[in-house]
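Right, one structure below, let's go through it.
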Amino acid sequence: ERRSEQVWPGEWFDATGFATFNEATAAYHTGVDLNLPEDADRDAPIYASASGVVIYAERAPGAWGTLIVIRHDPLADGTTLWTRYGGVADLLVESGQRVARGEQIASIGNSDGRTSYNLHFDVAFTSILEVNPTNWPGANLSLVFKNYTDPLLFIQNHRPKN
């Protein structure tokens with residue numbers, strides 16, 4: 001699948017879209033919500049998108065459920081990125097642990113019954129998630145663009161060739 005044009009594997013789809021406004025929560029979305037039809041993603045494995053160090057792995061306040069944040073190894077140009085995996089179940093990592101790209105870190109959850117089964121996935125290019133793992137800019141779109149990037153476009157432009 002990595003060699004194809006497709007970014008999300010198999011039948012996975014993004015149910016929200018980056019920087020879209022949700023009327024129900026009155027907030028802009030900081031990443032993507034990856035789903036499979038009819039909760040087929042329930043308990044599916046979640047893998048680290050790149051190598052790095054887990055800086056947060058625990059039950060988070062609010063609607064997050066269990067949350068993982070990874071500070072990734074710098075890119076070739078020296079840029080450091082952070083990824084956030086929200087609403088996960090079966091936590092397999094802990095803060096301070098080094099993970100490798102493709103290592104299973106958790107399973108798809110439902111934010112302790114608050115949402116349908118899905119994976120909330122962000123890519124941040126500032127240290128906002130290191131400072132505040134539960135950061136949510138709400139209705140401030142400029143803060144979304146200041147700290148986050150579209151995961152789909154980022155992966156399309158930076159994924160490994162092999």
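Residue numbers run from 1 in the order of the sequence given. What you see is a predicted model, and the numbers here were worked out from it, not measured in a lab.
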Pairs meeting criterion side chain to side chain donor-acceptor pair (under 3.5 Å) with involvement of residues 52-63, two or more places apart: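 Side chain to side chain donor-acceptor pair (under 3.5 Å) check on residues 52-63 returns R59-D112.
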With rounding to the nearest 0.5 Å, note down the distance linking [atom1] in [X] to [atom2] in [Y].
X    : Y    : atom1 : atom2 : value
E130 : N132 : CD    : CG    : 11.5 Å
I68  : L92  : CD1   : CG    : 7.5 Å
R71  : T80  : CZ    : OG1   : 8.0 Å
T149 : I155 : OG1   : CD1   : 10.5 Å

Taking every non-hydrogen atom, the tightest pair across [X] and [Y]:
X    : Y   : result
A57  : S95 : N-OG, 3.4 Å
S111 : G87 : OG-CA, 3.4 Å
A106 : A89 : CB-O, 3.4 Å

Flag the pair [X] / [Y] as yes when at least one side-chain heavy-atom distance between them is below 4.5 Å, and no otherwise.
X    : Y    : result
N22  : H29  : no
N147 : P137 : no
Y28  : L143 : no
V54  : I70  : yes
P133 : I55  : no

Flag yes if [X] and [Y] sit in one hydrophobic cluster, no otherwise; membership is Ile, Leu, Val, Met, Phe, Trp, Tyr, and two members link when side-chain heavy atoms are under 4.5 Å apart.
X    : Y    : result
F154 : L152 : yes
L81  : L119 : yes
W64  : V32  : no
W82  : V88  : no
W136 : L67  : yes

Run D73 and S51 through side chain to side chain donor-acceptor pair (under 3.5 Å) and show every step you take. CA-CA 6 Å; D73 298 340; S51 298; 4.6 Å; no
Please check if any side-chain donor atom of D122 sits under 3.5 Å from a side-chain acceptor atom of H120, or the reverse.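 Side chains of D122 and H120: pair found under 3.5 Å.
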Quick one about D14 and T16 (side-chain donor to acceptor, distance below 3.5 Å, no hydrogens or angles considered), yes or no?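 Side chains of T16 and D14: pair found under 3.5 Å.
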Pairing residues for N140 by the side-chain hydrogen bond (donor to acceptor under 3.5 Å, both in side chains) criterion, not counting sequence neighbours: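 side-chain hydrogen bond (donor to acceptor under 3.5 Å, both in side chains) list for N140, sorted by chain: S142.
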Any donor-acceptor pair under 3.5 Å from [X] side chain to [Y] backbone:
X    : Y    : result
T115 : N110 : yes
R84  : N135 : yes
D41  : L36  : yes

Apply ring pair (Phe, Tyr, Trp, His ring centres under 6.0 Å) to [X] and list each qualifying residue two or more places apart in sequence or on a separate chain.
X    : value
F145 : F18
Y117 : none
Y148 : none

Not counting sequence neighbours, which residues clear side chain to side chain contact (heavy atoms under 4.5 Å, CB included) with D43? List them please.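 Listed in chain order: D90.
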CD/E103: more than 12 non-hydrogen atoms of other groups inside 6.0 Å: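 Check passes, neighbour count above 12.
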